[in-house]
K.L.:
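The structure that follows is given in the form of structure tokens.
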Amino acid sequence: MAVQKPSVPKGTRDFSPIEMVKRNYIFDTIKGVFKRFGYLPIETPSMENLSTLTGKYGDEGDKLLFKVLNSGDYLSKVKSDLTKAESSKLALEISEKGLRYDLTVPFARFVVQHLSEITFPFKRYQIQPVWRADRPQKGRYREFYQCDVDVIGSNSLLNEVELIQIIDQIFQKLNINAVIKLNNRKILLGIAEYIGEPEKFIDITVAIDKLDKIGLEKVNEELLLKGLSADSIEKLKPIFDLAGTNQEKLTLLREILKDSETGIKGIEEVETVINYFETLPLNIDLDLDLTLARGLNYYTGAIFEVKAKDVAIGSICGGGRYDDLTGMFGLKDVSGVGVSFGADRIYDVMEQLNIFPDEIVASTKVMFVNFGDKEEKYCLPLLQKLRDNGINSEIFPESSKMKKQMTYANNKNIPIVVLVGEDEMNKGLLTVKDMVSGDQAEMTFDELLNKFSL
RNA sequence: GUGGUUGUAGCUCAGUUGGUUAGAGUGCCUGAUUGUGGUUCAGGAAGUCGCCGGUUCGAACCCGGUCUCCCACCCCA
């Protein structure tokens with residue numbers, strides 16, 4: 001067989017030991033906070049039935065689904081004329097499974113399917129990879145991990161508040177400066193009603209989402225293109241211009257949207273969440289951002305997005321409330337709310353800021369130089385004692401040249417090297433070298449141990 | 001999915017108008033130093049120039065395709 005150059009598919013990556021140590025640090029931190037708030041883990045399959053996935057993420061989302069080819073002679077079962085078949089229709093005939101696009105929709109499916117085993121409110125977390133057939137860029141992968149927390153079966157806004165607390169804790173623990181942007185789909189719907197274009201709701205949200213990126217003028221152009229009247233667009237302006245504190249924005253908004261029942265409901269929801277937030281001793285900033293829309297169509301209430309303040313990489317966490325996701329699987333009137341942490345982007349942020357704690361690379365504290373068979377046998381019990389005392393230690397596995405062994409210790413940042421040769425064995429002492437200062441001294445094993453008990 | 005961009009030693013990158021044997025820094029290996037790393041000095045190994053094809057007497061360089069990376073759009077973690 002011809003030798004092939006090894007490679008992984010576009011947008012996917014291998015992770016080396018160093019990367020995994022750092023990734024696990026992120027996962028463990030996130031998981032720890034989830035557990036602290038009483039959430040329990042679940043997992044779902046990498047593949048879902050395509051019918052479970054399609055239609056949940058909007059047209060764009062459907063295009064980004066990875067589809068899995070049916071097994072066997074899938075073409076023989078195709079009914080369409082292959083010479084003029086549309087790809088999108090043909091896909092449904094030759095593929096009935098797809099890789100999951102997020103963890104929220106599979107979770108909704110899970111809830112409905114396992115209803116009898118679940119007590120509401122159901123608090124679950126789920127940390128698994130998801131796949132999107134997007135074109136990769138920095139901070140944008142085709143396979144990436146999401147860390148979801150959701151509580152389903154409770155309308156209480158206390159859940160929204162709890163999510164904010166969770167976000168606060170996680171980013172505090174990871175030492176990332178972040179800001180939570182908060183909005184509410186009901187407010188956006190109210191705005192669409194207020195300007196007299198409720199049926200253009202999706203177009204409006206998608207356009208105003210880009211406000212801080214492309215500016216007011218371009219947004220207006222896009223809205224015009226989508227068929228909004230110039231009048232409607234003019235009415236949007238004061239809403240974009242809203243400034244001041246969260247409370248000030250809400251007061252103004254309440255006046256503007258006073259005739260929209262939905263809008264007022266959204267304002268009240270946001271107000272409640274913000275009022276809770278202000279009574280809590282949290283570190284993170286919470287910004288009411290009316291231009292936050294989020295593309296996922298299943299959100300109905302609060303929407304969140306978290307951005308790192310010090311790195312431009314898009315959102316590192318996002319989510320919101322969905323009132324009818326389970327409805328699509330036949331379970332009505334069960335509302336849920338949750339957020340998803342993007343582990344890969346969080347990694348990129350931490351890497352760029354160089355804020356991974358040194359100690360997570362649990363490195364060796366003591367290395368014994370290997371001088372040969374007799375010395376090995378002499379050192380092994382000492383090594384055992386160090387380990388029993390919780391000191392990470394190792395012996396170089398071969399009696400290589402000193403230079404090689406010392407270089408190894410140096411590159412691995414091992415702070416203490418112990419040399420035990422014939423001399424030391426006869427005297428019952430160890431030569432202990434401090435690799436930072438370069439000093440070395442003879443001492444007993446107990447004296448070495450004492451160095452660590454300080 | 002649309003448009004653009006990148007790919008040369010393990011890593012970061014030079015490489016002239018197409019012209020003999022493709023370079024540098026860093027890392028690695030060896031020695032100066034047989035039981036002493038991190039500094040210094042001397043030496044050494046290392047490249048199908050992303051891949052496939054074409055043009056040409058001759059291609060890292062020009063052309064086509066393809067893969068990958070990155071950027072913008074779209075969308076998003």
Side-chain angles (χ1 to χ4, degrees), chain A residues 2-13 16 26 30 57-65 87-88 101-104 127-148 202 205-207 209-210 213-214 218 222 292-297 303-308 312-319 338-349 367-372 375 396 399-425 431-440 442:
Chain A
V3 174
Q4 48 182 334
K5 196 169 191 173
S7 64
V8 295
K10 187 203 290 250
T12 67
R13 299 152 299 156
S16 66
I26 294 173
I30 290 174
Y57 309 109
D59 292 343
E60 281 304 319
D62 283 356
K63 283 183 200 158
L64 298 181
L65 285 172
S87 303
S88 58
Y101 178 92
D102 73 356
L103 301 177
T104 308
I127 298 177
Q128 289 190 276
V130 303
W131 294 270
R132 294 182 187 177
D134 208 351
R135 190 173 285 205
Q137 278 179 44
K138 201 174 196 71
R140 180 176 259 201
Y141 307 99
R142 288 185 144 183
E143 177 182 60
F144 61 96
Y145 271 74
Q146 291 195 325
C147 313
D148 271 38
I202 302 270
T205 56
V206 168
D209 192 37
K210 298 174 195 163
K213 204 168 170 184
I214 61 175
K218 296 256 180 190
E222 182 166 332
L292 171 63
R294 292 189 65 75
L296 293 179
N297 287 335
I303 40 183
F304 303 98
E305 198 159 285
V306 181
K307 292 205 162 177
I313 198 171
S315 58
I316 51 179
C317 175
V339 290
S340 179
F341 292 79
D344 303 81
R345 284 194 181 168
I346 291 172
Y347 180 99
D348 290 345
V349 167
M367 186 192 85
F368 280 71
V369 169
N370 190 323
F371 284 106
E375 290 86 350
F396 199 85
S399 58
S400 312
K401 285 181 183 166
M402 269 290 266
K403 187 184 170 79
K404 176 150 179 75
Q405 301 195 40
M406 294 301 285
T407 304
Y408 173 87
N410 192 59
N411 290 349
K412 223 173 156 181
N413 281 315
I414 298 172
I416 290 175
V417 168
V418 178
L419 301 96
V420 186
E422 214 173 323
D423 258 20
E424 285 87 350
M425 289 198 296
T431 295
V432 174
K433 173 155 180 153
D434 181 323
M435 292 295 279
V436 180
S437 65
D439 301 337
Q440 63 184 55
E442 289 192 334

K.L.:
Sort out the partner of U21(B) for me: Watson-Crick or G-U wobble, both distances under 3.5 Å, none otherwise.
P.N.:
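Pair assignment: U21(B) / none.
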K.L.:
Does Glu442(A) CD have over 12 foreign heavy atoms under 6.0 Å away?
P.N.:
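Yes - once you tally the heavy atoms of other residues, nucleotides and ligands closer than 6.0 Å, there are more than 12.
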K.L.:
Which whole number of Å gives the distance between the C1' atom of A46(B) and that of U55(B)?
P.N.:
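One C1' to the other, the span is 33 Å.
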K.L.:
Is there a side-chain contact between Asn413(A) and the phosphate of G38(B), meaning an N or O under 4.0 Å from OP1 or OP2?
P.N.:
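No, because none of the side-chain N or O atoms of Asn413(A) sits under 4.0 Å from OP1 or OP2 of G38(B).
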K.L.:
Of the listed nucleotides (U68(B), C73(B), C75(B)), which one gets closest to any side-chain atom of Gln137(A)?
P.N.:
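Closest nucleotide to the Gln137(A) side chain: C73(B).
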K.L.:
Could you work out which one of C70(B), C28(B), G35(B) sits closest to the side chain of Asn411(A)?
P.N.:
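For Asn411(A), the side-chain atoms sit closest to C28(B).
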K.L.:
Which nucleotide, A77(B), G37(B), C75(B), lies nearest any side-chain atom of Met435(A)?
P.N.:
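Of the options given, the side chain of Met435(A) lies nearest G37(B).
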K.L.:
Would you mind reading off the distance between Lys10(A) atom NZ and C70(B) atom P, rounded to a whole angstrom?
P.N.:
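In whole Å, C70(B) P and Lys10(A) NZ are 10 Å from each other.
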K.L.:
Would you mind reading off the distance between Leu64(A) atom CG and C76(B) atom P, rounded to a whole angstrom?
P.N.:
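Rounded to the whole Å, the gap is 9 Å.
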K.L.:
The side chain of Lys401(A) lies closest to which of these nucleotides: G31(B), C74(B), C69(B)?
P.N.:
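Of the candidates, G31(B) comes closest.
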K.L.:
For Met402(A) and U33(B), what is the distance between atoms CE and C1' respectively, to the nearest whole Å?
P.N.:
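Rounded to the whole Å, the gap is 11 Å.
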K.L.:
Contact class for Cys317(A) (heavy atom, under 4.0 Å): base, sugar-phosphate, or nothing?
P.N.:
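Sugar-phosphate, backbone atoms only, no base.
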K.L.:
Once the angle between the rings of Tyr408(A) and Phe396(A) is folded into 0 to 90°, is it parallel (under 30°), tilted (30 to 60°) or perpendicular (over 60°)?
P.N.:
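Rings of Tyr408(A) and Phe396(A): perpendicular, over 60°.
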K.L.:
Which nucleotide wins on minimum distance to the side chain of Arg140(A), given the candidates U36(B), C74(B), G37(B)?
P.N.:
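The answer is C74(B).
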K.L.:
Rounding to an integer number of angstrom, what distance separates C71(B) and C28(B) when you compare their C1' atoms?
P.N.:
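Roughly 35 Å separates the two C1' atoms.
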K.L.:
Touch check for Lys63(A), heavy atoms < 4.0 angstrom, all strands: base, sugar-phosphate only, or nothing?
P.N.:
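Answer is nothing: Lys63(A) stays at 4.0 Å or more from every strand.
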K.L.:
Looking at C29(B), G35(B), A77(B), which one has an atom nearest to any side-chain atom of Lys404(A)?
P.N.:
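Minimum distance to the Lys404(A) side chain belongs to C29(B).
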K.L.:
Is Asp134(A) touching bases, backbone alone, or none of the nucleic acid, heavy atoms closer than 4.0 Å?
P.N.:
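Answer is base: heavy atoms of Asp134(A) come under 4.0 Å of a base.
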K.L.:
Under a 3.5 Å cut-off for both distances, is U26(B) Watson-Crick or wobble paired, and to whom?
P.N.:
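Partner of U26(B): G10(B).
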K.L.:
Give one of base, sugar-phosphate or nothing for Lys307(A), where a contact means two heavy atoms less than 4.0 Å apart.
P.N.:
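Contact class for Lys307(A): none.
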K.L.:
Does the side-chain ring of Tyr141(A) sit on the six-membered ring of the A77(B) base, less than 5.5 Å centre to centre and under 30° in tilt?
P.N.:
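Per 5.5 Å and 30° rule: no stacking.
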K.L.:
For the side chain of Asn410(A), starting at C-beta, report the closest nucleotide among C70(B), G37(B), G35(B).
P.N.:
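That would be G37(B).
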K.L.:
Given G37(B), C70(B), U2(B), identify the nucleotide with an atom nearest to the side chain of Arg135(A).
P.N.:
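Looking only at heavy atoms from C-beta outward on Arg135(A), the closest nucleotide is U2(B).
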K.L.:
Which nucleotide wins on minimum distance to the side chain of Glu424(A), given the candidates G35(B), A77(B), U36(B)?
P.N.:
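Nearest listed nucleotide: G35(B).
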K.L.:
From CD of Gln405(A) over to P of U34(B), roughly how many Å is that when rounded to an integer?
P.N.:
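One finds 15 Å between P of U34(B) and CD of Gln405(A), rounded.
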K.L.:
Name the nucleic acid region contacted by Ile316(A), choosing base, sugar-phosphate or nothing; use a 4.0 angstrom heavy-atom cut-off, strictly under.
P.N.:
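Since only primed, P, OP1 and OP2 atoms lie under 4.0 Å of Ile316(A), the category is sugar-phosphate.
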K.L.:
Applying a 3.5 Å limit to both distances, which nucleotide forms a Watson-Crick or G-U wobble pair with C49(B)?
P.N.:
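No nucleotide pairs with C49(B).
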K.L.:
Is a side-chain donor or acceptor of Arg345(A) paired with a backbone partner of Gly139(A) at a separation under 3.5 angstrom?
P.N.:
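Yes: the side chain of Arg345(A) pairs with the backbone of Gly139(A).
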K.L.:
Any side-chain N or O of Lys403(A) below 4.0 angstrom from OP1/OP2 of U36(B)?
P.N.:
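No, no such contact exists.
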K.L.:
Run the ring pair (Phe, Tyr, Trp, His ring centres under 6.0 Å) test against Phe371(A) and tell me which residues pass, sequence neighbours left out.
P.N.:
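Partners of Phe371(A) under the ring pair (Phe, Tyr, Trp, His ring centres under 6.0 Å) test: none.
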K.L.:
Nearest to the Lys433(A) side chain among U36(B), C28(B), C74(B), which nucleotide is it?
P.N.:
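The closest nucleotide is U36(B).
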